[in-house]
Amino acid sequence: MITGSFPTTRLRRNRRDAWTRRMVAETALSADHLIWPVFIRDGSGDPTSVNSMPGVVRVGLDRLAAHVEDAVKLGIPAIALFPATPAELKNPEGSEALNPENLICQSARLLKREFPELGLIGDVALDPYTDHGHDGVLRDGYVANDESVAVLERQAIIQAEAGIDIIAPSDMMDGRIGGIRAALDAEGLIHTKIMSYAAKYASCFYGPFREALGSQGALKGDKKTYQMNPANSDEALREVAMDIEEGADMVMVKPGMPYLDIVRRVHDAFRVPVFAYQVSGEYAMLATAMELGLLDRERGILETLIGFRRAGASGVLTYFAVEAARLLKSG
Ligand SMILES: NCC(=O)CCC(=O)O
Ligand SMILES: [Mg+2]
């Protein structure tokens with residue numbers, strides 16, 4: 001690399017004016033790079049707020065279209081749906097996941113009717129539906145891999161048939177991408193895409209999400225027997241390699257900010273679309289500091305998001321998506 005030397009070369013020259021700064025910017029961020037996670041709840045009426053995530057709400061089906069409209073108008077390509085399943089519908093097997101009338105399926109049908117051009121991402125895993133809070137079924141206290149995968153395959157078909165465009169398995173069972181791809185194909189659902197939560201770490205940053213879905217306190221134990229150890233990086237590449245091999249169209253790294261090194265490695269090693277999830281705990285951390293006046297809100301949002309793009313992410317799932325899209329639009 002030729003770097004030049006001072007004083008012939010002055011790197012500040014290109015930083016001196018706003019227009020040159022724009023002209024030499026290496027990375028771009030636009031609404032195209034943003035995916036908005038949306039929490040859906042049972043019942044109707046005003047959206048309810050999520051205490052641990054200032055500014056984030058859960059909406060009932062009657063308000064869903066109005067809630068999503070701004071995201072569509074601002075050019076956000078896709079939203080990710082997460083259902084807050086009523087406690088009385090949860091059980092050890094997570095059977096509500098397979099109900100074609102569950103919250104996510106009803107939402108998908110409604111949104112496809114209202115906004116046919118909006119991409120819909122469906123979370124495939126059992127934790128929103130199990131009373132023990134694990135992502136699969138428990139056998140002798142252990143999340144049973146193959147039995148869970150068999151349920152996830154059916155869950156994926158039900159969601160795809162309801163109108164979900166991208167199946168996003170977040171469970172971290174081995175072999176679920178291959179199983180789901182084969183199951184979708186067998187039903188003729190060949191256009192349904194898969195965004196795999198390929199490298200999902202056992203992280204404390206999911207805490208506020210569990211409040212949002214009303215599953216806080218429900219989780220028995222932890223998820224360390226299926227989600228990845230935060231100490232590992234090479235293992236993430238194996239996870240991603242296997243998911244691509246099994247048919248993933250896009251992969252995801254989660255959480256986001258503490259794992260940008262993983263995003264970079266995945267991007268460099270595979271050159272496939274890689275997404276990062278700026279998760280609930282990251283949002284809570286930033287939004288709280290912003291509310292306290294410790295961080296500048298607009299700059300904080302955009303700086304974290306450009307960071308994901310700079311690390312090689314095709315896009316970011318972020319609770320700031322709509323606000324960020326608005327900021328980017330207004331320049
Ligand atoms: N499948 C989604 C999660 O597990 C958590 C996301 C978050 O914490 O925002
Ligand atoms: Mg895997």
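Atoms within a ligand are numbered from 1 in the order they appear, just like the ligands themselves. Positions are given from 1 along the sequence. Quantities reported herein were computed from a predicted structural model and do not represent experimental measurements.
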Kindly indicate, with the supporting measurements, whether the criterion side-chain hydrogen bond (donor to acceptor under 3.5 Å, both in side chains) is fulfilled by Arg309 and Thr27. CA-CA 7 Å; Arg309 293 276 299 142; Thr27 312; over 6 Å; no
When you look at CD of Glu291, are more than 12 heavy atoms from neighbouring residues, nucleotides or ligands closer to it than 6.0 Å? yes
Between CG on residue Leu89 and CG on residue Asp42, distance to nearest 0.5 Å: 7.0 Å
Does Arg265 come within less than 4.0 Å of Asp234, counting only side-chain N to carboxylate O? yes
Met242 atom CE, neighbour heavy-atom count above 12 within 6.0 Å: no
Hey, is CZ on Arg16 packed in by over 12 heavy atoms from elsewhere, all under 6.0 Å? no
Taking the Mg ion (ligand 2) as the centre, how many protein N/O/S atoms fall inside a distance shorter than 2.8 Å? 1
Between the side chains of Arg181 and Glu245, is the shortest nitrogen-to-carboxylate-oxygen separation below 4.0 Å, so that they form an ion pair? no
Looking at Glu153 and Arg176, is any side-chain nitrogen of the basic one under 4.0 Å from a carboxylate oxygen of the acidic one? no
Among Ile180, Val124, Ile166, which one satisfies side chain to side chain contact (heavy atoms under 4.5 Å, CB included) with Ile194? Ile180
Shell of residues surrounding ligand 1, defined by a 4.0 angstrom heavy-atom cut-off that is strict: Phe82, Asp123, Ser170, Tyr197, Lys200, Phe205, Tyr206, Phe209, Lys254, Tyr277, Val279, Ser280, Tyr319
